[in-house]
Amino acid sequence: MLKVSKRTLLLVAGIVWLIAGGNIAWLGIQSFAQMDQGIWWLLAIGAAVVFTLFHVKVFSKMVGKHAIRIAGYEADRVGVWHFFDVPGYAMMAIMMSGGISLRAFGLVPAWFIAFFYTGLGIALALSGASFLIRFARHDNLPAPCPVVPGMLSRG
């Protein structure tokens, strides 16, 4: 069983969240390219709203929650998969299967994918960056947000 230090677990979480966010944002950006350029400004505003809501209300709180949980492990070395807890994995499975289903069955139009996935993906990638900052700082303290001044990844 692969075990890593709690500090390395922050690195793993950061990489996983950053890759997932980048992939989701890329799907959104590809959908942007399919849209008429005349509505890009509207889609960009929508993406900014989605980004802000998910960054402020969801992901910054999750980063703090997971970072505190990781720091609280009693063992010095834990399984590499412990960067998420059971509810975190359940949430990830629901979000992934829901997103894949929405696209695969054509349940939402491309313009929705364009703004929603772009905003969501960038927010998720920024959360990955927050984990990486905590890893790089050697202290697991909340990292200042480079996008929303005065905001920390909570926890």
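Quick note: residue numbers are just sequence positions, from 1. Side chains included, hydrogens not; waters and symmetry mates left out as well; all remaining heavy atoms used.
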Give every donor-acceptor pair under 3.5 Å between a side-chain atom in residues 12-27 and any protein atom, sequence neighbours left out.
unit_1, atom_1, unit_2, atom_2, d
Asn23, ND2, Ile19, O, 3.4

### Message
Hydrophobic clusters here meaning ILVMFWY residues chained together by side-chain heavy-atom distances under 4.5 Å, can you tell me if Phe84 and Val80 are in one?
### Response
yes
If you look only at distance, which donor and acceptor atoms sit under 3.5 Å apart when one is on a side chain in residues 32-39 and the other is two or more places apart or in another chain?
unit_1, atom_1, unit_2, atom_2, d
Asp36, OD2, Gly38, N, 3.4

#### Entry: Point-to-point distance, once rounded to the nearest 0.5 Å, from CZ of Phe54 to CG of Leu124
10.0 Å
### Query
What distance do Glu74 atom CD and Lys6 atom NZ have between them, rounded to the nearest 0.5 Å?
9.0 Å
### Summary
The side-chain contact (heavy atoms from CB on, under 4.5 Å) partners of Met91 (sequence neighbours excluded) come to Met95
### Message
If hydrophobic clusters are built by linking Ile, Leu, Val, Met, Phe, Trp and Tyr wherever their side-chain heavy atoms come under 4.5 Å apart, do Trp111 and Trp40 end up in the same one?
### Response
yes
### Query
Quick one: are the ring centres of Phe112 and Phe115 less than 6.0 Å apart?
yes
### Task
Could you state whether Leu2 and Tyr89 fall into the same hydrophobic cluster, counting links through intermediate Ile, Leu, Val, Met, Phe, Trp or Tyr residues with side-chain heavy atoms under 4.5 angstrom apart?
yes
### Summary
Closest non-hydrogen contact found for Ser31 with Ile113 is OG-CG2, 3.2 Å
## Note on the structure
For residues 119-128, the side chain to side chain donor-acceptor pair (under 3.5 Å) pairs (sequence neighbours left out) are none
### Message
With rounding to the nearest 0.5 angstrom, report the CD1 to OG1 distance, Ile122 to Thr52.
### Response
10.5 Å
### Message
Parallel, tilted or perpendicular, judged at 30° and 60°: which one describes the rings of Phe131 and His66?
### Response
tilted
### Message
Can you tell me how far apart OG1 (Thr8) and CZ (Phe135) are? Round to the nearest 0.5 Å.
### Response
5.5 Å
### Task
Please answer: with hydrophobic residues joined when any side-chain heavy atoms are less than 4.5 Å apart, are Leu120 and Met92 in the same cluster?
yes
### Query
salt bridge (Lys or Arg N to Asp or Glu O under 4.0 Å): which pairs involve residues 76-95, sequence neighbours left out?
Lys65-Asp85, Arg69-Asp85
Which donor-acceptor pairs under 3.5 Å do side chains of residues 101-110 form with protein atoms, sequence neighbours excluded?
unit_1, atom_1, unit_2, atom_2, d
Ser101, OG, Ser97, O, 2.8
Arg103, NH1, Gly99, O, 3.2
Arg103, NH1, Tyr117, OH, 3.0

### Task
Considering non-hydrogen atoms only, spot the tightest contact between Lys57 and Lys61 and give its length.
O-CD, 3.4 Å
### Task
List in chain and number order the residues that pass ring-ring contact (aromatic ring centres under 6.0 Å, His included) with Tyr73, two or more places apart in sequence or in another chain; answer none if no residue qualifies.
His82
### Query
What heavy-atom pair brings Arg134 and Gly64 nearest, and what distance separates the two atoms?
NH2-CA, 3.9 Å
### Query
Do the side chains of Phe116 and Ile29 join up, straight or via other hydrophobic residues, at under 4.5 Å, putting them in one cluster?
no
